[in-house]
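Quick notes on the structure that follows.
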There are 2 protein chains.
Amino acid sequence: MATLADVARRAGVSTATASRIINGSPKPVTEELRTRVLAAVAELRYVPNAHAQMLARNNRNAVGVLVHDVSDPYFAEITRGLQRVATAHGRLVIICNTFREPARELEYIDLLHAHQVAAIVVAGSGYLSSDAETELHDRMLAFEATGGRIAVIGRHHHSSDAVVPANEEGGYLAGAHLFELGHTAVAVIAGPAALTTTADRLAGLQRAATAFGRTLHIVHSDFTRDGGATAAADLLAVDPGLTAIAALNDSMAVGALAAMRAAGRRLSIIGFDDMPIARDVTPALTSVRLPLTELGERAMELALNPPPPNAPPRTEHIPAELVIRDSTWPLKPAT
Amino acid sequence: MATLADVARRAGVSTATASRIINGSPKPVTEELRTRVLAAVAELRYVPNAHAQMLARNNRNAVGVLVHDVSDPYFAEITRGLQRVATAHGRLVIICNTFREPARELEYIDLLHAHQVAAIVVAGSGYLSSDAETELHDRMLAFEATGGRIAVIGRHHHSSDAVVPANEEGGYLAGAHLFELGHTAVAVIAGPAALTTTADRLAGLQRAATAFGRTLHIVHSDFTRDGGATAAADLLAVDPGLTAIAALNDSMAVGALAAMRAAGRRLSIIGFDDMPIARDVTPALTSVRLPLTELGERAMELALNPPPPNAPPRTEHIPAELVIRDSTWPLKPAT
DNA sequence: CGGTATCAGGAAAGCGCTTACCTAAGGCGA
DNA sequence: TCGCCTTAGGTAAGCGCTTTCCTGATACCG
């Protein structure tokens, strides 16, 4: 591994000069030396050691991202947004996949901290009052105390900058839509009860139910397609009178659609997030749209642009929007 | 930012001792000091500086991954596999999104090199004989020359370890399937002509066409859902006699399905990759399955387990498999 | 009781870079 | 001609760690 010293020796200059030339420092240098050094760099295939640079310069250039699972389209979409703006700022992005294990989140926060990242974006639902969650919060504070920046997406930490998707409002939108169509027997396929995202969306749905004087049949699943399919199958078996289902994300809605097809039933169904798949299933899925990529972009912007000193944490609300397609229709009075 | 020296001072020991205790070195230390140091660590919220550690230890622990686009389900799936085994080995994964720009690939290779990663996995199709491609190859060699390991997925570099999906065979499978069903007027919606993946899959299709004494109508698109939709719409307009379409990935197949629906036409259609969405569209998509997650896992294993010295590069072939669903059917003779 | 083996802990030399500071050589005006 | 300011380049002090080697103290042996 060629070092700067090798380059300097080969070019017959000091490491100081070599360093200046390679980094294009403002210090003037004769053309002669410049070409010699650059030639040495090329011949030795010299690549500077980033760790040494970080250490010497003491600047932070990378940013870390914590996601539950990159291969989940929900996070993939968010990640895309995060990466777009990070790249635009010339930042290296380190993506950490927690595989939905809270313990891994803690590990990764420290790891990113150790790697001197400039900022950490924590994406994805938090857990309702768990030990891991407060522990995480602690570490986030510790990281911020050392000058690092934190932005969270959809978490309920009110000490860091946050972009918060309108989960509750979205839930309301979904519920209101179904009730306005005349449905009375509606079930909700929710995500894991421990997640704040589940809780928030559910709260909105409940608010709609109350407003319309209705009740909801709630079951919990796991936000996956197959989980949604199973939940829907159970629901159809247990509650034959059901006319509509609200799934708390599109993956589960798609699963539910498959289950309904398998059971030969047709219920109105509404999803959440409006992921790309929504328009390609049959019937095309009505969904509560959340601009995922934008969520990521906003969060990265918060993370990268430090707020004025001693300002309170910034919060950016991202509205939800109902996208009506073919999977919901008015309930016809029983014939 | 607390340093080791701070911890040592606070615990009243030397940095050497502090370092040993924190890293659990085998050197024996009195319980007394151990607790003092650990207490200092906790009080100061000390997190070691990973850059300094890298520099001092001179070991490489991270691994880099180059993908065209994480949010593309194809790469998301591969990335998942990569990450699973990297995490199992306790490695930090740095994912670099090239946004399909060859120039960015070069940049990132150097960046990962500079960051002293232990290995780089280059995922995703290469370009047929472009300058950027040979340049990339050069840099890969330079990286390997410094002791770094490289594994490529589906690229035609025969100097590094590689896992190669059976693109050609898969193409043949797709073609043979369509021809066996009696289709004669079949079109192919290919990816960008410059990509090796396109070329390989196409070659297999051509081989099948030759074997069955048929010809193919080929159009190039961009591997995206909307690109596929546009291409299919054009195809339907230009060539009304078409009875089957082979799309070179599932995204385009899904788009084609949508275009056909819009045009009120029903042709047999076959996709490629068997991504999760394939079973959820209507009709469920027949597809040439490539185990994407496994592709990623294999590649990371190659990258992490160095081969015996001076052995030739290893190549792992991953077979393709035809998954027949509802989107392909026998051609009924025109009535 | 001297000598050596054992042990806990510290001093200090790097790891590869950046950069503040210094030096030597010209160039200039007076 | 002298003194001083540029200018081009070098010297060396870190950045925060790890680790080799060393020291002083204690234990153990004959």
Side-chain angles (χ1 to χ4, degrees), chain A residues 1-38 40-41 44-62 110-111 113-118 146-148, chain B residues 1-38 40-41 44-62 110-111 113-118 146-148:
Chain A
M1 191 91 202
T3 71
L4 183 63
D6 298 331
V7 172
R9 196 172 317 120
R10 175 156 190 134
V13 302
S14 73
T15 60
T17 307
S19 171
R20 292 193 187 110
I21 293 178
I22 291 171
N23 298 308
S25 109
K27 258 226 158 187
V29 176
T30 35
E31 203 50 37
E32 152 84 25
L33 286 199
R34 178 183 308 287
T35 57
R36 285 224 309 267
V37 167
L38 261 23
V41 165
L44 297 175
R45 298 192 155 293
Y46 168 71
V47 177
N49 183 322
H51 296 302
Q53 286 189 175
M54 295 281 88
L55 199 54
R57 290 189 182 144
N58 191 30
N59 70 351
R60 308 164 147 205
N61 82 138
D110 279 354
L111 194 111
H113 187 161
H115 278 258
Q116 312 288 106
V117 296
T146 68
Chain B
M1 188 94 202
T3 71
L4 185 62
D6 297 332
V7 172
R9 196 172 315 120
R10 177 156 188 136
V13 300
S14 72
T15 60
T17 308
S19 172
R20 292 190 186 111
I21 293 177
I22 291 170
N23 298 306
S25 108
K27 260 228 159 185
V29 177
T30 35
E31 203 49 38
E32 153 82 26
L33 286 200
R34 175 181 313 286
T35 58
R36 282 225 310 266
V37 168
L38 262 23
V41 165
L44 297 175
R45 298 194 156 291
Y46 168 71
V47 177
N49 182 321
H51 296 302
Q53 286 189 179
M54 296 282 87
L55 199 55
R57 291 188 182 144
N58 191 32
N59 69 353
R60 309 166 146 205
N61 81 139
D110 279 354
L111 192 107
H113 187 162
H115 277 259
Q116 312 289 104
V117 297
T146 68

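Every chain is numbered from 1 and lettered A, B, ... according to where its sequence line falls, protein lines coming before strand lines.
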All salt bridge (Lys or Arg N to Asp or Glu O under 4.0 Å) counterparts of A/R60, not counting sequence neighbours: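 Here no residue qualifies.
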Counterpart residues, salt bridge (Lys or Arg N to Asp or Glu O under 4.0 Å), relative to A/R9 (two or more places apart):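 Partners of A/R9 under the salt bridge (Lys or Arg N to Asp or Glu O under 4.0 Å) test: A/D6.
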Of all heavy-atom pairs between [X] and [Y], which one has the smallest distance, and what is that distance?
X: A/A2; Y: A/L44; answer: CB-O, 3.9 Å
X: A/L4; Y: A/T15; answer: CD2-O, 3.7 Å
X: A/I22; Y: A/Y46; answer: CD1-CE2, 3.7 Å
X: A/A18; Y: A/A8; answer: CB-CB, 4.2 Å
X: B/R36; Y: B/G12; answer: NH2-O, 3.6 Å

Of residues 16-24 of chain B, the positions that come close to DNA chain D - non-hydrogen atoms, cut-off under 4.0 Å: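 Going residue by residue through residues 16-24 of chain B, the ones with a heavy atom under 4.0 Å of DNA chain D turn out to be B/A16, B/S19, B/R20, B/N23.
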What's the spacing between [X] [atom1] and [Y] [atom2] if we round to 0.5 Å?
X: B/N49; Y: B/T3; atom1: CG; atom2: OG1; value: 9.5 Å
X: A/I21; Y: A/R34; atom1: CD1; atom2: CZ; value: 6.0 Å
X: B/Q116; Y: B/N58; atom1: CD; atom2: CG; value: 7.0 Å

Terminal helix-axis angle for the helix from C/dC1-D/dG30 to C/dA30-D/dT1, with five pairs defining each axis and rounding to 10 degrees: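 That helix has its two terminal axes inclined by roughly 60°.
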Backbone N/O of A/S25 and side chain of A/R20: donor-acceptor pair under 3.5 Å: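 Flag not set: sc A/R20 to bb A/S25 has no pair under 3.5 Å.
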Aromatic ring pairing A/H51/B/H51, orientation class (parallel under 30°, perpendicular over 60°, tilted between):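 Ring orientation of A/H51 relative to B/H51: tilted.
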Nucleic acid contacts of residues 45-58 of chain B, taken as heavy-atom distances under 4.0 Å to DNA chain C: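 Contacting residues: B/L55, B/A56.
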First-last contacting nucleotides on DNA chain C - partner chain B, under 4.0 angstrom, heavy atom: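 On DNA chain C, the outermost contacted nucleotides are C/dA8 to C/dG16.
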Phosphate OP1/OP2 of D/dG9 contacted by A/T30 side-chain N/O (<4.0 Å):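 It does, given that an N or O in the side chain of A/T30 lies less than 4.0 Å from OP1 or OP2 of D/dG9.
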